[in-house]
Amino acid sequence: MLFFKPAEGTTAVARVAVDVVIKSEILDPQGKAILAALSRTGHPGISSVRQGKHFDLEVDDTVTDEDLEEIAGHLLANSVIEDWTVTRLDTR
Amino acid sequence: MLFFKPAEGTTAVARVAVDVVIKSEILDPQGKAILAALSRTGHPGISSVRQGKHFDLEVDDTVTDEDLEEIAGHLLANSVIEDWTVTRLDTR
Amino acid sequence: MSADLSTAAIVLDTVENAAATPDQQQPYRELGLKDDEYLRIKEILGRRPTEAELAMYSVMWSEHCSYKSSKVHLAYFGETTTDEMRSRMLAGIGENAGVVDIGDGWAVTFKVESHNHPSYVEPYQGAATGVGGIVRDILAMGARPVAVMDQLRFGPADAPDSQRVVPGIVSGVGGYGNSLGLPNIGGEVVFDSSYAGNPLVNAGCIGVLRADDMYTAHASGTGNKVILYGSRTGLDGIGGVSVLASDTFSGDGSAGAGSNARRKLPSVQVGDPFAEKVLIECTLEVFAKDLVVGIQDLGGAGLSCATSELASAGDGGMHIVLDAVPLRAEHMSPAEILSSESQERMCAVVTPDKVEGFLEVCAKWEVQADVIGEVTDTGRLIITHHGEVVVDVPPRTVAHEGPVYRRPIERPAGQDALQANTSASLPRPSQDELGDLVLRMVASPNLCSRAWITDQYDRYVRGNTVLSQPADAGIVRVSEDSFLGLAMSTDCNGRYTMLDPYTGAQLALAEAYRNVITTGATPTAVTDCLNFGSPEDPAVMWQLSQAIHGIADGCAILGIPVTGGNVSLYNQTGATAILPTPVIGVLGVIDDVRRRIIPGIGHDDGETLILLGETYDELDGSEWANLVHGHLGGLPPRVDLEAERLLGEILLAGSRDGMVSAAHDLSEGGLAQAAVEMCLTGETGARLVLPPGIDPFVALFSETSARVLVAVPRTEELRFTEMCTMRRQPWVKVGVVDADDPEGQFLDVQGIRRIPLAELRKAWQGTLPAIFGPSVVGSSEL
Amino acid sequence: MTARVGVITFPGTLDDVDAARAVRYSGVEAVPLWHADADLHGVDAVVVPGGFSYGDYLRAGAIAAQAPVMRAVIDAAKSGMPVLGICNGFQVLCEAGLLPGALVRNAGLKFVCRDQWLRAENTTSAWTSRYESGAEILIPLKNAEGRYVAPEAVLDELEGEGRVLFRYIGSATADTTLAPANPNGAQRDIAGICSADGRIAGLMPHPEHAIDPLTGPTDDGLGFFFSVVDFLEGVKVS
Ligand SMILES: Nc1ncnc2c1ncn2[C@@H]1O[C@H](COP(=O)(O)OP(=O)(O)O)[C@@H](O)[C@H]1O
Ligand SMILES: [Mg+2]
């Protein structure tokens, strides 16, 4: 797996997903362009598209939920314009 | 929700999330740069970061799973270098 | 290890193993090798090649790396280059890129390379990595890259697939070049149906260096270390060799499992311009600190190419340890590591005492760097993996002694018919249709403004760009504390080349030359990027050899050498080849960039418009025949390189003595196009008086070569025209600049139509945005 | 002694050479500052130049804002040192919290390189005092993420306190249907803003590329660099 190097003395590696979306009051031209393309190509049933970012992280068990919140809120997302959610996925 | 316009003659509007990630074999320069930044700023516990796209769609009940697959695979993702997953979220 | 057949299938395919299993089937055909080529490899090695060796030979003996079909023809460039022409050449054909001495202790290296097929598969990444590749070529000469250019050819602008290909390729060129901090100073865009299934993406780069700081790709000095630095090595672009893994490994077994689990990937690479920018600065610092002996970029064929070329250009021996190569994926087989086309990597040869210093510079730039081997005197390239020898070959046989073919050549049966089908039979517009035709022509995809494309490219970064779009040639000064400048233009009209490849190629050379002299610079050296169809088609080989002879003979007349180039074959859709497209790049030098000639009129108040050169009725293969009649036939305009040379002297003198305030050469679209562009670029109106005794339609739209439209300050008019007459330069006064028409700005084509510049601007600039969407959106409500 | 103006280089910074040249054109010393070095080497002002620091990956300026040198810049700025962020530098200053709002993808979704007309709105800041109020200048603009956005309240505050430095305006000859005045959909046509004390400034267009008509459209950009020199010399005597 890319860059996979288990940190010293730790075993379990958990997968974490962070989703970042632009705040709804801020224009999302990409979402808008996709919505336009969708109606052009005959998909009337879609009423809204918003584009954001998705991050897959691999973290060891030294990484706490607080760490994740701080990483998501301070690096992965810009709280001025974006909202985010952190989801821990099943450990493998 | 911005741009929310219910399609004619339909009621339920479901929310769908599409996550698009670069195929694991293919270089993800952004993930690479973010991982480096994380280790510089003292987050050794993170062993891998992959950055993808996250899409929030609002779809009415005329939109089938096949439609969503086709939209994700042909419009939202570049199937040459990306994989994608479609998740229907609880109807509001 | 045991060479027992039953286990051989699941263990590393070592040299020992290969020797012990002579009859093992190998998928050499899938790897593109012909039977006799495979036999020759066995001959060279005295055994069957290992998987890794097979991967190396197959990619290095491919058309792309070995030039096996074009080599015999390219030799003609060498034969026709005189010592006189060579005098300023520091490096020529055979090096990563040609290098010419331009005086003041400065040298320039420049090259154009193709990345056609990958850009069709994945337009953005294909184009982006095309730019990345040519920039590393220039860097490998020891030069600082200072500018990029791009030559793009697409199917019809309104073809559905163009919506995918055009924006993707343009944003790929921009996305990569902009992030590298290299100004884009020019290029071409052509739309023609022959490129619909096979767009051409050629990318050019110019680099500058101190004349005595040149580096070359060679590994000499036994005991010197080989350092691989830059990005990690992954599965990028190994689509080709994945057949090995699946065909040879039985499925279980460590390496096998990894390889087999792998999905077949298309040969796409993803570019990381940030990594390349850092690689550039890091490499320039190791040059400055004199830490390298030889250096090679990793492009197509990755480590296979870099190691074999370094070794065979040096003392001939090298030992590489694949385990030392930093990987991005698990379980990569030796063949995969050697063939990976992961981008943003370089290979350096460093004396042992300087390794530490080298690694320090890399660390400063956070660039991964690892010693992966060393130079030996064994005369063999030996590569080990997990302590086993997987490659043991004479490097020259991989890098320089690949197969050479004299392919059958035959002038196509239809060529005579094509040339006989002239434009004479095509209905021509009446006098009162000419005004509309001017507007229709400037709005056509091949003649309209390129701003939709060039506005997506940074032309300012580094602060040395003195001339860029719209201009006949781009100009950058060599450094911020010098007025010495470089001019470059690239051109090719594939329609002309189709009608007559020899003349067409010379016309491409003539236009690039003319574009350079039109800016006041002196043409100094030539590069080419020869895009053609399949070499297995004798007609294509005829086009190729004709074009090469045309270019070489033309360069001999002009007295400037071809310093390098690139050949891209198999550009076709099914059985139909693209228009033969030998893109020619001419590099010029200008001793003082402050005297550059600009393309826009209106700088001096009171300018006279003078047309330099004779105009003939030459409309075969013209843009008019293409746009209005969809016709291609007859003979291209005649080429007169002596006339181009004389034009050069006139413009040089004119610019030196301040007799010329603006100039634009005539090419596709003729006088009408040039006049419109000079007005719109200068945002100034003009009155155009068509020369007497010549049909107005021909005067406006003929594409006769060796012509330039110049604006001369009225005070200089007499001096300038006397100089022309004295030097036997044909000239005719065709109008005046008219900045202060009370009713506004017009191009007044006298006796035909007085067209408001606003109307011309809408026509000229509106076309590409209308097809591909606006490039600039100002309101937050789309 | 003459003023010393620092110019930061992050990995991926591109217009640092241009910013340093512009500083020298204004007659003072340009001091290179390295991203990994938390020391500002005693400079009197800092320019955070344009480019693609860290490839603009994640978000333009986001990764650079975390660099050691930025911690030093933030401290210095808080104690009144003039700081100018140009293009990527503006993005870095917003990401670092030194200026409000954010710069997001151009509304046209494309990189835009063009000569841009601007109107001077605030001519009292440390970086704009050389301009006449209402002056119209022409300087290059080149970016893909230049659309300034901020909550309405913040925009109102910026306007109320006169902290909008420059606004995008159209050119006389351009066809506005093809070339709108606002190049990226920035809210209220904002091209640049400054801090309440007028010392921290950021803008998307590139004044350092308009210091010599030989290599730029004009020399209209020099005003920024002369302004800060005036400011520093004023500060020194007082
Ligand atoms: N793909 C491109 N990339 C960058 N610049 C381009 C490209 N295509 C055209 N240009 C620029 O647009 C201007 C007009 O192009 P063109 O009409 O082909 O010039 P010419 O006819 O003098 O060769 C020139 O400055 C040229 O360099
Ligand atoms: Mg020209």
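By convention in this document, chain letters (A, B, ...) are assigned in the order of the sequence lines, proteins followed by strands, and residues within each chain are numbered from 1.
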message: One pair to check against ring pair (Phe, Tyr, Trp, His ring centres under 6.0 Å): Trp117(D) and Tyr168(D). What are the steps and the verdict?
response: CA-CA 6 Å; Trp117(D) 284 98; Tyr168(D) 300 115; over 10 Å; no
field: Closest non-hydrogen atom pair between Phe111(D) and Asp458(C), with its separation
entry: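 Of all heavy-atom pairs spanning Phe111(D) and Asp458(C), the closest is CE2-N, 4.0 Å.
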field: Proximity breakdown for Arg24(D) and chain C, heavy-atom pairs closer than 4.5 Å
entry: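 Side chain only.
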Region of Arg459(C) in contact with chain D, defined by heavy-atom distances below 4.5 Å: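 When you check distances to chain D, atoms from both the backbone and side chain of Arg459(C) fall under 4.5 Å.
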- prompt: Given the options Leu178(D), Val112(D), Val17(D), which has more heavy-atom pairs under 4.5 Å with chain C than any of the others?
  reply: Leu178(D)
message: If you count heavy-atom pairs within less than 4.5 Å of chain C, which of Gly216(D), Gly55(D), Ala144(D), Cys113(D) leads?
response: Cys113(D)
statement: Turns out that what part of Glu683(C) lies under 4.5 Å from chain D's heavy atoms comes down to side chain
field: Ion pair check, Asp18(D) and Arg21(D), cut-off under 4.0 Å
entry: yes
- prompt: Hey, are the side chains of Tyr457(C) and Val148(C) touching, using non-hydrogen atoms and a 4.5 Å cut-off?
  reply: no
query: Of the backbone (N, CA, C, O) and the side chain (C-beta and beyond), which part of Tyr176(C) lies under 4.5 Å from a heavy atom of chain D, both, or neither?
result: neither
field: Smallest separation among heavy atoms of Leu768(C) and Cys448(C), with atom names
entry: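 Scanning both residues completely, I find the closest heavy atoms to be CG-SG, 3.7 Å.
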query: Does Arg144(C) come within less than 4.0 Å of Glu281(C), counting only side-chain N to carboxylate O?
result: yes
Chain C contact via Asp115(D) - which portion, at a heavy-atom distance below 4.5 Å: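 When you check distances to chain C, atoms from both the backbone and side chain of Asp115(D) fall under 4.5 Å.
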message: Less than 4.5 Å to any heavy atom of chain C: does that hold for the side chain of Asn184(D), its backbone, both, or neither?
response: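 The answer is the backbone of Asn184(D).
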Chain C interface, residue from Pro180(D), Ala22(D), Ala36(D), Ala179(D) that has the most non-hydrogen pairs under 4.5 Å: Pro180(D)
query: Where does Glu366(C) contact chain D at under 4.5 Å (heavy atoms): side chain, backbone, both or neither?
result: side chain
message: What I want to find out is whether Arg462(C) reaches Glu480(C) closely enough, with some N-O distance under 4.0 Å, to be called a salt bridge.
response: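 Looking at Arg462(C) and Glu480(C), the cut-off is not met.
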query: Does a side-chain heavy-atom distance below 4.5 Å link Arg188(D) with Arg167(D)?
result: yes
field: Student check: side-chain heavy atoms of Phe166(D) and Arg119(D) closer than 4.5 Å
entry: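 No - every pair of side-chain heavy atoms lies 4.5 Å or more apart.
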- prompt: Side chain, backbone, both or neither: which part of His206(D) has a non-hydrogen atom closer than 4.5 Å to chain C?
  reply: neither
message: If you define the side chain from C-beta out and look only at heavy atoms, does anything of Met149(C) sit under 4.5 Å from Cys205(C)?
response: no
field: Per-residue contact mode, Ser179(C) against chain D (heavy atom under 4.5 angstrom)
entry: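 Backbone plus side chain of Ser179(C), per the 4.5 Å heavy-atom cut-off to chain D.
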Interchain contact, Val170(C) with chain D, by part (heavy-atom threshold 4.5 Å):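 For Val170(C), there is no contact with chain D at all, as no heavy atom is under 4.5 Å.
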query: Pro49(D) versus chain C, heavy atoms under 4.5 Å apart: side chain, backbone, both or neither?
result: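 Neither; nothing under 4.5 Å.
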- request: Select one option (side chain, backbone, both, neither) describing which atoms of Thr13(D) are under 4.5 Å from chain C's heavy atoms.
  value: backbone
Part of Pro273(C) lying under 4.5 Å from any heavy atom of chain D: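 Contact with chain D involves both backbone and side-chain atoms of Pro273(C).
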message: Taking the side chain as everything from C-beta on, heavy atoms only, tell me whether Tyr460(C) gets closer than 4.5 Å to Pro183(C).
response: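 In short, these two side chains do not touch, never coming nearer than 4.5 Å.
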- request: Check whether Val278(C) gets within reach of chain D through its side chain, its backbone, both or neither, counting any heavy atom under 4.5 Å.
  value: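 For Val278(C), the side chain is the part near chain D, not the backbone.
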field: Audit row: Trp764(C), Trp452(C), ring pair (Phe, Tyr, Trp, His ring centres under 6.0 Å) steps and yes/no
entry: CA-CA 11 Å; Trp764(C) 188 57; Trp452(C) 184 87; over 10 Å; no
- line: If one checks every heavy atom of Tyr54(D) against chain C at 4.5 Å, the contacting part turns out to be both
message: Does any backbone or side-chain atom of Leu180(C) lie under 4.5 Å from a heavy atom of chain D? Answer side chain, backbone, both or neither.
response: backbone
